[in-house]
Amino acid sequence: MKVSPSLLAADFAHLSTEIDMINASSADYLHLDVMDGVFVPNISFGFPVLRAVGNICRKPLDVHLMIVEPEKWISQVKAIGAEIMNVHVEATTHLHSTVLQIHEAGMKAGVTLNPATPVSSLVDIIEDVELVLLMSVNPGFGGQKLIRHTLDKVRELRRLIDMSGSKAMIEIDGGVNEKTGEELAEAGADILVAGSYVFGAPDPHSRIDILKSLS
């Protein structure tokens, strides 16, 4: 299992220390949730913070844009050194064009589904993306419990990927801990995003290692 700790749950008064912890850990990525207060009912951080994180983080950056018209920010996401750029199916009018632009910028393209958005909405794009992120909570706030229907969506998405021949990985964001992580792994998830479960722990490294051991 790959693990992408979510910076949203970090202590922003000691951000460099938190990044040092991630650098020294077994985490595979660092997950960055960008919120605009429009697409989701919260605001997180903008590109000045992202640039600062990109300058010191040695893990690949997994940037998740919870914003309207994410296609306007492709060059800025690339400039911070992101490996993956995630955009919401619900937030961009011309999804295929946006995915092409992400690829042209030299990044891997991810598409994200909110809890009420069906997996079937990916049929025409699944072969063109490297990652699908399923929101397992309603986006905008950390610390929520996993929506149980997500497990069925993971299984359905795994079937779609296998049938289409897509190489897309399945990433899950929201309510991830040791118990739910095991269930998600069994359902077919490839990457787990974890916020408070990692950053709120006395020993974040051990929490990351626990998630990575799931299969």
Side-chain angles (χ1 to χ4, degrees), residues 2-15 18-19 21-22 25 27-54 56-57 59-74 76-92 98 102 107-115 117 129 131-147 150 169-177 180-181 184 189 191-200 204 207-208 211:
K2 295 182 183 296
V3 179
S4 188
S6 175
L7 192 69
L8 192 64
D11 180 355
F12 278 77
H14 302 92
L15 191 55
E18 299 281 54
I19 300 299
M21 181 276 291
I22 293 296
S25 76
D28 299 279
Y29 306 95
L30 178 62
H31 192 82
L32 302 172
D33 289 307
V34 182
M35 306 178 187
D36 63 359
V38 178
F39 181 67
V40 294
N42 203 357
I43 296 174
S44 56
F45 37 72
F47 283 95
V49 173
L50 292 176
R51 284 193 293 271
V53 170
I56 61 175
C57 185
K59 301 291 184 177
L61 301 181
D62 170 20
V63 179
H64 175 198
L65 297 186
M66 302 186 195
I67 65 177
V68 296
E69 299 181 316
E71 61 275 8
K72 292 182 177 180
W73 303 97
I74 293 172
Q76 288 89 334
V77 174
K78 173 61 177 178
I80 69 169
E83 178 172 304
I84 304 169
M85 178 172 166
N86 271 300
V87 301
H88 273 258
V89 169
E90 308 88 356
T92 181
T98 300
I102 293 170
M107 294 180 288
K108 295 177 181 177
V111 292
T112 306
L113 299 185
N114 279 337
T117 303
V129 299
L131 183 144
V132 176
L133 171 58
L134 296 180
M135 292 302 302
S136 45
V137 298
N138 288 300
F141 299 92
Q144 301 179 61
K145 292 183 179 179
L146 180 131
I147 296 171
T150 305
M169 295 185 292
I170 300 175
E171 184 175 44
I172 310 298
D173 185 359
V176 170
N177 55 42
T180 58
L184 290 163
I191 306 172
L192 298 177
V193 176
S196 55
Y197 177 74
V198 170
F199 286 101
R207 290 285 178 88
I208 293 171
L211 294 180

Between Val63 and Met107, is any pair of side-chain heavy atoms under 4.5 Å apart? no

Those residues at least two apart in sequence (or on a different chain) that pass ring-ring contact (aromatic ring centres under 6.0 Å, His included) with His31 are His64

Exam field: side chain Glu90 to backbone Asn114, donor-acceptor pair closer than 3.5 Å: yes

To the nearest 0.5 Å, how far apart are CD1 in Ile84 and CE in Met169? 5.0 Å

Does Ser136 reach the main-chain N or O of Thr150 with its side chain, forming a donor-acceptor pair under 3.5 Å? no

With a 4.5 Å cut-off on side-chain heavy atoms, are Ile172 and Ile170 touching? yes

Please tell me if the side chains of Asp28 and Ile191 come closer than 4.5 Å, counting only heavy atoms from C-beta onward. no

Are Leu61 and Val77 packed together at the side-chain level, in the sense that at least one heavy-atom pair is separated by less than 4.5 angstrom? no

Is there a donor-acceptor contact under 3.5 Å from the side chain of Lys2 to the main chain of Tyr29? no

Side chain to side chain contact (heavy atoms under 4.5 Å, CB included), that's the test. Do Leu211 and Tyr197 meet it? Break it down for me. CA-CA 10 Å; Leu211 294 180; Tyr197 177 74; 3.7 Å; yes

Find the distance between CG (Leu192) and OG (Ser4) and round it off to the nearest 0.5 Å. 9.5 Å

Any side-chain heavy atom of Pro5 within less than 4.5 Å of one from Ile208? yes

Quick one, Val176 and Val193 - any side-chain contact, counting heavy atoms below 4.5 Å? no

Quick one, Lys108 and Leu131 - any side-chain contact, counting heavy atoms below 4.5 Å? no

For a quick check under 3.5 Å, do Asp33 and Ser6 share a side-chain donor-acceptor pair by atom type? yes

Below 4.5 Å, heavy atoms only, C-beta onward: do Val53 and Ile80 meet side chain to side chain? no

Gap separating the CD atom of Glu18 from the CG atom of Leu7, nearest 0.5 angstrom: 8.0 Å

Any chance you could lay out the side chain to side chain contact (heavy atoms under 4.5 Å, CB included) test for Val87 and Ile102, step after step, and finish with the verdict? CA-CA 10 Å; Val87 301; Ile102 293 170; 4.1 Å; yes

Could you tabulate the donor-acceptor pairs under 3.5 Å formed by side-chain atoms of residues 8-15, not counting sequence neighbours?
unit_1 : atom_1 : unit_2 : atom_2 : d
Asp11  : OD1    : Ala13  : N      : 3.0
Asp11  : OD2    : His14  : ND1    : 2.9

